[in-house]
Amino acid sequence: MANIHILPEYLANQIAAGEVVQRPESVVKELVENAVDAGATAISVVVRDAGKQLIHVIDNGGGMSKDDLAMSVVRHATSKIKTEHDLHAIRTLGFRGEALASIAAVADVEIRTKLQPSAEDDGVSSTGWVLASRPGESPDIRPIATSVGTQILVRNLFYNVPARRKFLKSDLTEFRHVSETMQRMALSRTDVRFTFHDGDVLVFDVRPSSLLQRIRDVLGINADRALVPVSMVEDGISVSGYVGLPEIARQSRSGQFLFLNGRPITSRPLAHAILTAYEQLLSTGSHPVFVVNIEIDPNKVDVNVHPQKHEVKFDNERAAYLLIQVAVTKALREADVLPAFLGDLPLASKPLQGLATPAAGGITYVNRLTGEIVHSQTSSSPPPTFPPVRSAHGGAVAAALFTPPPKTEQAPVFQAGSQYILTPTADGVMVIDQHAAHERVIYERVMNKHATPAHAEQALLFSVKITRSPSEIVIVREYLAEFQKLGFRLDILDSTTIEIHSVPTDVQPGNEEQVLGKLIDSLQHGGTIPKERRFDHIATMFAAKQAIRRGDRLGTEEMQTLVENLLKCALPHLTPEGKPTFFLLPFDELSSRLT
Ligand code: ADP
Ligand code: MG
C-alpha cells in the first residue's frame with residue numbers, strides 16, 4: 001500500500017501561495033506586474049482596508065481570450081516563457097505562472113477581461129469574459145460586457161487561511177507596504193499612467209512623464225535642483241536615474257529605489273555602492289533619496305532566485321558595484337555638493353542655493369506616502385478621469401481632501417455633540433472627531449519636530465522633581481533617549497526621584513508632572529516594544545494624552561485651526577493608532593436619503 005500521493009491541486013496551490021502571497025502588497029505587486037506585462041498604458045489600483053478586504057486592479061492591456069482566462073488561474077500556466085532558453089533571458093516581469101493560481105487559493109478572485117480586437121476580426125471577439133473563483137472550487141466562466149483589458153478583484157484575502165490572516169499587521173503597516181510597491185511600480189514604468197486609491201481617497205494619479213517628473217510626483221519632491229541625474233555606461237553595464245542632494249535626505253529609506261532592467265530589486269551591495277558616494281555628506285540616521293536603474297544583458301542576470309523575484313544574481317556584481325559608485329560620485333560632484341577633499345575636483349564654484357520655495361497661490365497637495373506637502377504652481381494636470389472606479393461604494397468621495405486646495409479658512413465650522421466638528425467641503429460634509437483629529441495633529445508635530453530637535457523643548461525656569469516607584473524609574477531610564485527626543489530633559493536623581501528640566505513645547509505650564517506621569521503609566525502597559533518603534537510609541541501616547549478631549553467646548557477659531565492643521569497632516573484620515581479621524585458624508589448620499 002502506498003502512503004505517498006500527489007497533493008490535490010487546491011492544497012498544492014495553497015502551499016505555493018505561502019511563498020508568493022505574503023500580504024496584500026504581494027497581491028498588488030503580482031497583479032500590477034501582470035498588467036504591465038499585458039502592455040497596459042494605464043493601470044488603476046484600488047485597495048480597501050489596506051487590501052485585506054479588496055484589491056482591485058484595472059488595466060487597458062491586451063486582455064485574455066476565454067481559453068487563456070481559464071488557464072490563467074492554473075498553476076505553472078504562463079504565456080510568457082515557453083522553453084528553457086526563454087528562462088535565461090526574461091524580459092517580462094512575470095514568468096513563473098504562479099501568481100494567479102496562488103492568489104486564487106487564498107482569496108475570492110474575479111477576473112473580467114476582453115481581448116484587444118485585432119485588425120482582421122470584425123467584432124467576432126468583441127465579447128468579454130468573467131471568471132469567478134473561490135478557493136477549492138472550480139472556477140465559473142461566463143460572458144460579460146466589459147471594456148478591453150483586464151480587471152481583477154481580489155476579495156477577503158486569506159479568509160480561508162486564518163493563521164495567515166492573523167499574521168497580517170495593522171492596516172497602516174499593510175497600507176505602507178502596498179504604497180511602497182505602488183511607488184516602485186510607478187517609478188519603474190514612467191510610460192504608464194498609474195492611478196492609486198486607498199478606498200475612496202486618491203493617493204496618486206501620475207500620467208506618463210519624464211523620470212524626473214515621475215520621481216517628483218511619486219515621492220513628493222518639490223525642490224527644483226534637489227535631484228541630480230546619474231548616467232554612465234561601461235562594459236555592457238549602464239547606470240541611470242537620479243540621486244537626491246543631501247537637502248532632501250530622509251529619516252528612513254523610503255526614498256530609495258533600485259531597478260535592474262526596469263525590474264524593482266533589492267540589493268544590499270548595490271545600495272551600499274550608492275551610499276558610499278554620500279559618505280561625509282550625510283549625518284547618521286539620514287538616508288539619501290535615489291532612483292537608479294541598472295541595465296545589463298538579461299542573459300547575465302538571474303532573476304529566478306526567489307519566488308517574489310525581488311532578488312537577483314548577476315555574473316558581474318563587482319563591476320556593477322564600482323560603476324554605480326563612480327557614477328553617483330560623479331553626479332554629486334557635478335552638482336557641486338561633494339566637498340573639495342575628495343581629490344581632483346575644483347572647489348565648489350557656487351554655494352548651494354536655497355531650495356526653491358513654491359509660488360504663493362499654488363495648489364497644495366499632501367503626499368500621503370511621504371508626509372510631504374506638495375505645492376504645485378501650475379494646475380496643468382486636470383482631475384483624474386481614467387479609469388472610472390465603479391465600486392459599489394460610491395464615487396471618489398474623500399478625494400475632496402486631497403484634490404482641491406482646502407479652503408478651510410473661510411469654511412464655516414460647527415461643533416456638534418461636544419465632540420464632532422462639522423464643516424462643508426466641495427463634495428459633502430466632513431464630520432471630524434475633535435479628539436482623534438487633534439491626536440493626529442500633535443503626533444505629526446512631534447514627529448516633525450524630532451527632525452529638528454532644537455524647537456522641540458522648552459526649558460523650565462525652575463526644574464520640577466517628581467517621585468515615582470522604583471519600577472517606574474526603571475522604565476524612565478529605559479526610555480530616556482526617547483523622552484529626550486520628545487522634548488523631556490530628565491535627570492534620574494535616585495531610585496525614586498526624577499528631575500524635569502524641560503518639557504515638550506505643547507505641555508502647558510504646571511502640567512509637567514501630570515503629562516510625564518501619564519506617559520510613564522502608558523509605557524508600563526506597553527509590553528516590550530522594539531527599539532526602533534519606541535519613539536513612535538511614545539509620540540503616539542503623548543498625542544493621545546495631550547489631545548483635546550471629547551466633551552471639550554471649542555471656539556470657532558480653535559476648530560478652524562484644528563481642521564486646517566489636520567488637512568496639512570500626511571495621514572489626516574487616521575489617528576496614530578489607526579482609528580478614523582473623520583469621514584465625509586457625500587452630498588450624493590444626502591440627496592439619496594432625502595428623496
Ligand atoms: P505569470 O505572470 O508568471 O505568467 P500569472 O499567474 O501572474 O503568471 O499569470 C498567468 C497568465 O495569465 C499570464 O502569463 C498571462 O498570460 C495571463 N494574465 C494574467 N494577468 C493578465 C492581465 N492583466 N492581462 C492579460 N493577461 C494576463
Ligand atoms: Mg504574473
Side-chain angles (χ1 to χ4, degrees), residues 9-10 12-22 25-46 55-84 86-107 109-118 125 127-133 135 139 141 144 146-154 157 181 184-185 188-189 192-195 262-264 303-310 387:
E9 174 161 307
Y10 161 59
N13 282 342
Q14 211 184 80
I15 292 168
E19 284 174 17
V20 182
V21 186
Q22 246 119 45
E25 175 275 329
S26 341
V27 175
V28 171
K29 170 179 168 293
E30 294 294 340
L31 298 185
V32 173
E33 286 187 354
N34 282 346
V36 169
D37 284 345
T41 56
I43 300 172
S44 164
V45 175
V46 183
I55 295 165
H56 187 176
V57 178
I58 309 168
D59 71 56
N60 65 353
M64 283 178 271
S65 66
K66 184 186 181 192
D67 294 344
D68 282 347
L69 178 61
M71 279 303 281
S72 68
V73 291
V74 175
R75 192 149 60 107
H76 304 310
T78 179
S79 57
K80 297 171 193 174
I81 56 175
K82 287 204 171 96
T83 64
E84 190 191 331
D86 297 336
L87 185 59
H88 299 308
I90 289 165
R91 285 281 179 189
T92 51
L93 294 169
F95 55 85
R96 297 172 61 110
E98 280 182 327
L100 289 184
S102 299
I103 296 165
V106 293
V109 174
E110 183 182 323
I111 308 177
R112 298 165 178 237
T113 189
K114 186 158 118 183
L115 272 182
Q116 197 81 248
S118 57
S125 66
T127 325
W129 296 95
V130 56
L131 174 150
S133 139
I141 300 189
I144 194 178
T146 185
S147 45
V148 169
T150 304
Q151 280 197 43
I152 305 193
L153 295 104
V154 175
L157 184 63
T181 287
R184 256 195 298 278
M185 296 305 299
S188 74
R189 290 299 297 264
V192 175
R193 177 171 180 180
F194 286 90
T195 312
R263 175 191 297 278
V303 290
N304 192 23
V305 290
H306 192 259
Q308 292 173 55
K309 302 164 287 185
H310 287 153

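Both counts, for ligands and for their atoms, begin at 1 and track the order of listing.
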| If every non-hydrogen atom of G128 is compared with every non-hydrogen atom of K114, which pair is closest and at what distance? | N-CD, 3.8 Å

| field | Polar contact flag, side-chain donor to acceptor under 3.5 angstrom, T195-S44 | value | no

| request: Could you tell me whether A99 and ligand 1 have an N or O pair separated by under 3.5 Å? | output: yes

| So is E30 in contact with ligand 1, going by heavy-atom distances below 4.0 Å? | no

| Atom of A101, atom of V74 and distance for their closest heavy-atom approach | CB-C, 3.8 Å

| query | Taking N or O atoms only and a 3.5 Å limit, does L100 qualify as a polar contact for ligand 1? | reply | yes

| message | Under a 4.0 angstrom heavy-atom cut-off, which atoms of ligand 1 come close to M64? | response | 17 (C), 18 (N), 21 (C), 25 (C), 26 (N), 27 (C)

| task | With sequence neighbours left out, write down each residue that passes side-chain contact (heavy atoms from CB on, under 4.5 Å) with P139, or none if nothing qualifies. | result | V73, L131, S133

| Taking side chain as C-beta onward, heavy atoms only, is T41 less than 4.5 Å from V192? | no

| request: Could you tell me whether some N/O pair between T78 and ligand 1 is separated by less than 3.5 angstrom? | output: yes

| remark: Under 4.0 Å from one or more heavy atoms of S72, ligand 1 contributes atoms 10 (C), 12 (O)

| task | With heavy atoms only and a cut-off of under 4.0 Å, state how A38 meets ligand 1: side chain, backbone, both or neither. | result | side chain

| request: Taking the side chain as every heavy atom from C-beta outward, state whether L31 and I103 have any pair of such atoms under 4.5 Å apart. | output: yes

| task | Tell me, please, which residues at least two apart from S147 pass side-chain contact (heavy atoms from CB on, under 4.5 Å). | result | none

| Ligand-side contact atoms (ligand 1) for residue partner E98, heavy atom cut-off under 4.0 Å | 6 (O), 8 (O)

| message | I'd like to know if the Mg ion (ligand 2) has an N/O/S atom from T78 within less than 2.8 Å of it, counting both backbone and side-chain atoms. | response | no

| said: Between ligand 1 and D59, can you find any atom pair, the residue atom being a heavy atom, that is separated by under 4.0 Å? | reply: yes

